2 protein chains.
Amino acid sequence: MRHHRDDVVRHAIVVLDTYGLADLTMRRLASELDVRPSALYHHFRDKQSLLAAVADELLRRGARPLAAQAWDEQVVELCSGLRDALLAYRDGAELVSTVIAFGLGASQPYDDLVTALAPARLGEELASTAARTLLHFVLGHTLDEQTHLQAGSAGAIGDDPRPRSDFGAGLGLVVDGIRLRSSRGVDARA
Amino acid sequence: MRHHRDDVVRHAIVVLDTYGLADLTMRRLASELDVRPSALYHHFRDKQSLLAAVADELLRRGARPLAAQAWDEQVVELCSGLRDALLAYRDGAELVSTVIAFGLGASQPYDDLVTALAPARLGEELASTAARTLLHFVLGHTLDEQTHLQAGSAGAIGDDPRPRSDFGAGLGLVVDGIRLRSSRGVDARA
DNA sequence: ACCTGAACACCGTTCAAGT
DNA sequence: ACCTGAACACCGTTCAAGT
């Protein structure tokens with residue numbers, strides 16, 4: 001059976017969600033596609049590039065249109081949406097963190113945040129710092145959350161499968177810090 | 001030659017700093033110690049435990065006494081000290097991030113932050129959220145920084161080896177958000 | 001354009017046995 | 001207490017060759 005690049009990415013997401021990032025190996029993915037491992041190198045130059053494509057597809061599937069008008073509400077929406085996208089697939093946060101750390105993809109969330117922050121008039125440098133600080137928070141928090149969620153998934157049935165998260169509280173901390181620096185003031189609207 | 005557990009950890013740090021985290025393998029470490037790989041399993045039950053011990057030692061070496069009195073200044077000192085500790089060894093940020101994500105060690109920075117935050121009287125839950133938000137920022141920012149620093153280390157000699165970092169700016173953002181929630185007010189002192 | 005076959009140079013981990 | 005020998009079950013990647 002012959003595959004396109006997109007088939008490989010789609011199947012990689014299934015393997016990721018079913019077996020986890022540690023078991024998303026080139027050999028395993030190849031065998032699931034009924035193909036020799038070397039065939040994958042026709043579509044991707046190496047594993048990192050494959051993972052970058054998988055991360056981008058995962059983020060694309062989680063993308064939602066912005067409803068809010070004010071920049072600070074848009075920022076909260078973007079960060080919550082990113083968290084939801086990461087939690088939607090097993091090891092999603094770990095995958096996207098890895099890809100971002102390697103700098104090979106998953107740049108959409110950063111770009112979206114910079115765009116949303118524009119009306120806050122922070123200046124180019126501070127806007128970049130703010131966007132990256134938000135991103136570090138969301139990735140770090142969600143990685144923690146997902147790790148512990150999955151660690152507890154062997155627990156009793158009575159366990160709360162999604163204990164009240166302090167995601168909103170932590171995000172509020174950072175957004176307040178940004179709002180203090182907005183030249184549009186505490187009550188700035190887009 | 002026979003070794004103690006501490007010899008193994010010390011040598012692992014040398015391997016980490018010389019060859020990087022990807023090359024800190026059980027087999028490589030064993031061969032540097034002039035020992036068969038299986039010998040390492042006398043000292044550590046698995047690789048994760050070894051990495052946890054290495055992360056703890058790296059943090060121990062970077063520990064410094066606090067000079068500041070005010071809680072917000074102490075927080076800044078702790079975060080800057082943590083960053084310095086991570087930057088002191090190759091792939092230090094990646095190592096500590098990994099160990100923390102697995103939840104097997106490197107808990108000192110979190111505990112120190114919670115202690116420093118006590119005078120801000122945030123309440124137990126918010127103090128925990130604030131400490132983890134700070135930690136996510138420092139680890140994420142330093143991981144970015146270290147990755148790009150090392151990626152650029154093959155560049156021209158004229159390159160600035162340590163371009164002005166926005167670490168302080170991002171940290172200020174988060175600390176301001178925390179200060180807003182302190183019941184001791186903007187000017188709170190310990 | 002997409003894939004096979006075969007190889008290279010590696011991994012982490014276990015476990016009986018040695019001193 | 002600390003280590004060896006030998007094995008098990010894997011990795012990512014390259015490359016000539018096939019259709």
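Worth saying up front: this structure is predicted, and the values here are computed from it rather than measured. A note on names: the letters A, B, ... follow the listed sequences, proteins ahead of strands, and every chain is numbered from 1.
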Pairwise 5' ranking along DNA chain D for A:Ala39 and A:Arg27, keeping only the more 5' one: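 Comparing both residues, the 5'-ward one is A:Arg27.
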How many whole angstroms separate atom [atom1] of [X] from atom [atom2] of [N]?
| X | N | atom1 | atom2 | value |
| --- | --- | --- | --- | --- |
| A:Asp23 | C:dG12 | CG | C1' | 14 Å |
| A:Asp7 | C:dC2 | CG | P | 10 Å |
| B:Leu24 | C:dC10 | CG | P | 16 Å |
| B:Leu21 | C:dC11 | CG | P | 13 Å |
| B:Asp46 | C:dC11 | CG | P | 17 Å |
| A:Arg36 | D:dC11 | CZ | P | 14 Å |
| B:Tyr41 | C:dC11 | OH | P | 11 Å |
| B:His3 | D:dC3 | NE2 | P | 6 Å |

Criterion side chain to side chain contact (heavy atoms under 4.5 Å, CB included) on B:Gln74 and B:Asp112, from CA distance to verdict: CA-CA 10 Å; B:Gln74 286 193 350; B:Asp112 290 347; over 6 Å; no
Between [options], which nucleotide gets closest to the side-chain atoms of [X]?
| X | options | result |
| --- | --- | --- |
| B:His42 | C:dC11, D:dC2, C:dA1 | D:dC2 |
| A:Pro37 | C:dT4, D:dT13, C:dA1 | D:dT13 |
| B:Val35 | D:dT13, C:dC3, D:dT4 | D:dT4 |
| B:Lys47 | D:dG12, C:dT13, D:dG5 | C:dT13 |
| B:Arg2 | C:dC2, D:dA1, C:dT4 | D:dA1 |

Distance test, side-chain N/O of B:His43 to OP1/OP2 of D:dA1, below 4.0 Å: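 Answer no for this pair, as no side-chain N or O of B:His43 is under 4.0 Å from OP1 or OP2.
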Distance check, [atom1] atoms only: [N] and [M], in whole angstrom units.
| N | M | atom1 | answer |
| --- | --- | --- | --- |
| C:dC2 | D:dA17 | C1' | 13 Å |
| C:dA16 | D:dC3 | C1' | 13 Å |
| C:dA9 | D:dC10 | P | 22 Å |

side-chain contact (heavy atoms from CB on, under 4.5 Å) partner of A:Leu51, the single match among A:Leu95, A:Leu104, A:Val96: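 One option only clears the test, and that one is A:Leu95.
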Pairing partner (Watson-Crick or G-U wobble, both distances under 3.5 angstrom) of D:dG5: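 C:dC15 - that is the nucleotide pairing with D:dG5, both distances being under 3.5 Å.
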Watson-Crick/G-U partner (both atom distances under 3.5 Å) of C:dC10: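 When the pairing criteria are applied, nothing turns out to pair with C:dC10, so the answer is none.
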Rounded distance (nearest 0.5 Å) linking atom NE2 of A:His141 with atom CZ of A:Arg83: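 Rounded to the nearest 0.5 Å, the NE2-CZ separation comes out at 5.5 Å.
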A:Phe102, CZ atom: more than 12 neighbouring heavy atoms under 6.0 Å: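 No.
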A:Ser49: side-chain hydrogen bond (donor to acceptor under 3.5 Å, both in side chains) partners, not counting sequence neighbours: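 side-chain hydrogen bond (donor to acceptor under 3.5 Å, both in side chains) check on A:Ser49 returns A:Asp46.
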N/O donor-acceptor pair, side chain B:Thr25 with base C:dG12, under 3.5 angstrom: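 Per atom types, no contact qualifies.
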Over all atoms of both residues, closest heavy-atom pair of A:Ala22 and A:Thr25: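 Smallest heavy-atom distance, with atoms named: O-CG2, 3.8 Å.
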